2 protein chains.
Amino acid sequence: MTAPTAQELLGNALLSILKEEDRRRLAPHMMVMDLEAKDVLQKAGEDVVQTWFPCGGALASFCVWVEETGSSVEVALVGREGAIGGVVSNGRLPAFATSEVRAAGRFLRIRTSALEAAKLESIALRHWFARYSDCMLAQVFQTAACNASHTISQRTAKWLLAAMARTGETEFQMTQDQLAAMLGVGRTFVTRVVRQFREQGVIETRRGVFGVKDGAALREKSCSCTTAIEDHFDAVLHGIYPVE
Amino acid sequence: MTAPTAQELLGNALLSILKEEDRRRLAPHMMVMDLEAKDVLQKAGEDVVQTWFPCGGALASFCVWVEETGSSVEVALVGREGAIGGVVSNGRLPAFATSEVRAAGRFLRIRTSALEAAKLESIALRHWFARYSDCMLAQVFQTAACNASHTISQRTAKWLLAAMARTGETEFQMTQDQLAAMLGVGRTFVTRVVRQFREQGVIETRRGVFGVKDGAALREKSCSCTTAIEDHFDAVLHGIYPVE
DNA sequence: TGCGGACTGTCGACTTGTAGACCGACACGA
DNA sequence: TCGTGTCGGTCTACAAGTCGACAGTCCGCA
């Protein structure tokens with residue numbers, strides 16, 4: 001539990017995009033934490049007290065509980081491009097979704113109240129977080145449409161690509177069971193899809209591990225949702241739309 | 001194209017929840033417009049110049065284009081409880097989803113820049129819009145999970161209940177074709193579901209019209225998503241969580 | 001009054017995906 | 001090294017949902 005170094009701050013893309021001045025507003029309130037897969041960042045129904053910024057290869061996701069099946073479905077994936085916590089709601093409200101660590105790694109943590117206070121002082125800070133919120137919403141929009149219209153095979157490919165983009169890694173510790181649960185589908189069918197991908201040389205798997213061998217081929221197998229989301233992130237967070 | 005009356009302002013729940021003082025900030029910039037089904041409020045890719053507040057029985061929805069099928073899937077429904085436009089993004093960004101009128105009616109329109117200016121002056125206004133944004137996100141979260149795990153029959157029931165809650169009406173002009181497209185599913189299967197509901201006395205249908213006869217029975221047929229969303233709206237926008 | 005287009009109903013073949021069961025393989029701790 | 005529990009692979013029966021085709025029906029309009 002220490003304050004973040006400059007390098008750690010820049011390990012999160014959302015923080016690195018801020019003006020030096022705004023980053024300096026937040027840094028003193030931040031704490032570095034190393035978390036393991038399955039650690040819980042926020043629980044549905046509880047107040048959003050902390051906000052988390054994944055660094056490097058860390059990965060987290062938002063999961064929505066489904067009454068009927070007694071399990072959670074993943075609705076958004078967050079890596080070093082974003083943040084989890086009082087982003088859209090500006091804090092002080094019950095979280096609707098649970099957020100869980102998917103890939104172990106380093107996170108920066110700030111009290112949502114401190115983040116809010118900083119936002120009051122800086123319009124630019126407010127704007128960048130609003131932009132990220134917009135991207136988050138876009139991502140979930142696309143996921144909703146995707147879940148309604150694409151096959152499990154496409155969605156599996158999409159998940160692997162999204163995880164790759166958000167971590168910079170090509171290997172993920174994850175059982176097929178867990179992947180199936182996240183996608184909200186049956187395990188045996190995921191196994192079939194995985195075998196197909198593996199036989200085609202697109203991925204490789206070991207017990208509890210997925211490895212992407214051929215990202216381009218995976219993109220072919222995925223749906224257009226992957227690029228739709230990437231394009232929106234690019235436009236909104238990487239300069240196609242000027243900030244002011 | 002006239003300025004709204006007090007009654008029209010209160011016809012939208014999000015506006016009615018504001019302090020009189022904040023409502024007065026917005027009112028002079030607002031325009032009353034009557035729109036027809038299929039009118040487009042915002043187009044994906046275009047800047048969000050206007051923000052819209054449905055009144056009374058008006059209904060709009062966010063639709064995401066799906067490349068592969070060449071059609072749009074609905075990801076959120078907005079009625080008098082909310083707004084469409086620069087809510088999450090705070091405007092000045094390309095819309096990710098297209099927004100279309102579903103049920104004709106009266107809308108209040110404000111330039112997003114004017115809404116932004118008012119938000120700069122009033123913290124309470126910012127807070128209420130942040131709360132609504134949070135509810136919107138929750139709604140889309142739930143839709144994503146729902147599309148991944150519930151049957152078409154459940155989702156059909158859910159859609160009718162959501163439309164009822166957002167308009168106060170029990171009848172909707174809508175072909176089975178359109179409903180199927182919104183849900184992102186085949187038309188013939190929706191027809192089967194509709195027939196089943198009708199035979200059980202839950203709904204009645206005429207050419208191009210759906211009517212809900214037994215809301216309680218419809219709730220039984222729907223998934224838990226309906227109440228999950230309602231509960232979050234209640235908590236966040238109707239006083240369970242105090243504003244300050 | 002008759003025409004044409006949009007909407008609804010129905011059928012059947014097909015694909016996708018589910019649910020449960022079972023087995024072998026692997027990993028890890030005692 | 002021996003269990004024991006988790007994980008992956010496979011099979012079967014079945015349910016859910018798609019897709020195309022076609023017929024009937026309603027409705028506005030000429």
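Nothing here was measured: the structure is a model prediction, and the numbers come from that model.
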Presence of A:Gln176 side-chain N/O under 4.0 Å of D:dG9 phosphate oxygens OP1/OP2
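Yes, within the criterion.
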
Looking at C:dT10, I'd like to know if its phosphate oxygens (OP1 or OP2) sit under 4.0 Å from a side-chain N or O belonging to B:Arg195.
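For C:dT10, OP1/OP2 do have a side-chain N/O of B:Arg195 under 4.0 Å.
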
Quick test: give all pairs of protein nitrogen or oxygen and nucleotides 1-6 of chain C nitrogen or oxygen below 3.5 Å, distance rounded to 0.1 Å.
| residue | atom | partner | partner atom | Å |
| --- | --- | --- | --- | --- |
| C:dA6 | N3 | B:Arg207 | NH2 | 2.6 |

So which of residues 146-162 of chain B are in contact with DNA chain D, with a heavy-atom cut-off of under 4.0 Å?
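Here the set is B:Thr151, B:Ile152.
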
Would you list the atom pairs, donor with acceptor, under 3.5 Å between side chains in residues 209-220 of chain B and any protein atom, with sequence neighbours excluded?
| residue | atom | partner | partner atom | Å |
| --- | --- | --- | --- | --- |
| B:Asp214 | OD1 | B:Ala216 | N | 3.3 |
| B:Asp214 | OD1 | B:Ala217 | N | 3.1 |
| B:Arg219 | NH1 | B:Glu230 | OE1 | 3.4 |
| B:Arg219 | NH2 | B:Glu230 | OE1 | 3.4 |
| B:Arg219 | NH2 | B:Glu230 | OE2 | 2.9 |

Quiz: residues 191-199 of chain A side-chain donor-acceptor pairs under 3.5 angstrom, not counting sequence neighbours:
| residue | atom | partner | partner atom | Å |
| --- | --- | --- | --- | --- |
| A:Thr191 | OG1 | A:Gln176 | OE1 | 3.0 |
| A:Thr191 | OG1 | A:Arg187 | O | 3.2 |
| A:Arg198 | NH1 | A:Thr205 | OG1 | 2.8 |

Please round to 10 degrees the angle between the axis of the first five pairs and the axis of the last five pairs in the helix from C:dT1-D:dA30 to C:dA30-D:dT1.
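That helix has its two terminal axes inclined by roughly 30°.
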
Is A:Lys38 salt-bridged to A:Glu100, going by a charged N under 4.0 Å from an acidic O?
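Not counted as a salt bridge, because no side-chain N and carboxylate O are separated by less than 4.0 Å.
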
Pairing of A:Arg166 and A:Glu81 as salt bridge, 4.0 angstrom limit
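Salt bridge: yes.
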
Starting at [atom1] of [X] and ending at [atom2] of [N], how long is that distance when rounded to a whole Å?
X        : N      : atom1 : atom2 : answer
B:Gln196 : C:dG9  : CD    : C1'   : 15 Å
A:Asp177 : D:dG5  : CG    : P     : 17 Å
A:Arg198 : D:dC7  : CZ    : C1'   : 13 Å
A:Glu204 : D:dG8  : CD    : P     : 15 Å
A:Leu179 : D:dC7  : CG    : P     : 13 Å
B:Glu68  : C:dT16 : CD    : P     : 15 Å
A:Glu199 : D:dT10 : CD    : C1'   : 13 Å

Could you give the side-chain donor-acceptor pairs of residues 143-151 of chain A under 3.5 Å, partners two or more places apart or in another chain?
| residue | atom | partner | partner atom | Å |
| --- | --- | --- | --- | --- |
| A:Thr143 | OG1 | A:Gln139 | O | 2.9 |
| A:Asn147 | OD1 | A:Arg155 | NE | 3.2 |
| A:Asn147 | ND2 | B:Ala144 | O | 2.8 |
| A:Ser149 | OG | A:Ala145 | O | 2.7 |
| A:His150 | NE2 | B:Glu68 | OE1 | 2.9 |
| A:Thr151 | OG1 | A:Gln154 | N | 3.2 |
| A:Thr151 | OG1 | A:Gln154 | OE1 | 3.3 |

Which residues pass the side chain to side chain contact (heavy atoms under 4.5 Å, CB included) test with B:Thr112, sequence neighbours left out?
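By the side chain to side chain contact (heavy atoms under 4.5 Å, CB included) rule, B:Thr112 matches B:Val48, B:Thr51.
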
By the ring-ring contact (aromatic ring centres under 6.0 Å, His included) test, which pairs, at least two apart or in different chains, include something from residues 154-182 of chain A?
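Residue pairs with at least one partner in residues 154-182 of chain A: there are none.
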
B:Gln178: side-chain hydrogen bond (donor to acceptor under 3.5 Å, both in side chains) partners, not counting sequence neighbours:
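side-chain hydrogen bond (donor to acceptor under 3.5 Å, both in side chains) check on B:Gln178 returns nothing, list empty.
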
Using side-chain heavy atoms (C-beta onward) and a distance below 4.5 Å, is A:Arg80 in contact with A:Cys55?
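Not touching, per the 4.5 Å side-chain cut-off.
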
Flag side-chain contact, heavy atom, 4.5 Å: A:Ser222 against A:Thr227
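The answer is no; the side chains never approach within 4.5 Å.
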
Check ring-ring contact (aromatic ring centres under 6.0 Å, His included) between A:Phe141 and all other residues, then give those that pass, not counting sequence neighbours.
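By the ring-ring contact (aromatic ring centres under 6.0 Å, His included) rule, A:Phe141 matches B:Phe62.
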
The criterion is ring-ring contact (aromatic ring centres under 6.0 Å, His included); which residues satisfy it with A:Phe96, sequence neighbours excluded?
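B:His232.
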
Near-strand residues of residues 180-189 of chain B, defined as heavy-atom separation under 4.0 angstrom from DNA chain C:
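Contacts with DNA chain C under 4.0 Å: B:Arg187, B:Thr188.
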
Say whether, by atom type as modelled, one donor and one acceptor occur between the side chain of A:Asp231 and the main chain of A:Ala228 under 3.5 angstrom.
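Such a contact is absent between A:Asp231 side chain and A:Ala228 backbone.
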
Say whether, by atom type as modelled, one donor and one acceptor occur between the side chain of A:Asn12 and the main chain of A:Pro54 under 3.5 angstrom.
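It does hold such a pair.
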
Quick check: on DNA chain D, is the nucleotide nearest A:Arg192 upstream (toward 5') of the one nearest A:Val209, or the reverse? Name the residue that is more 5'.
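It is A:Val209 whose nearest nucleotide is closer to the 5' end.
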
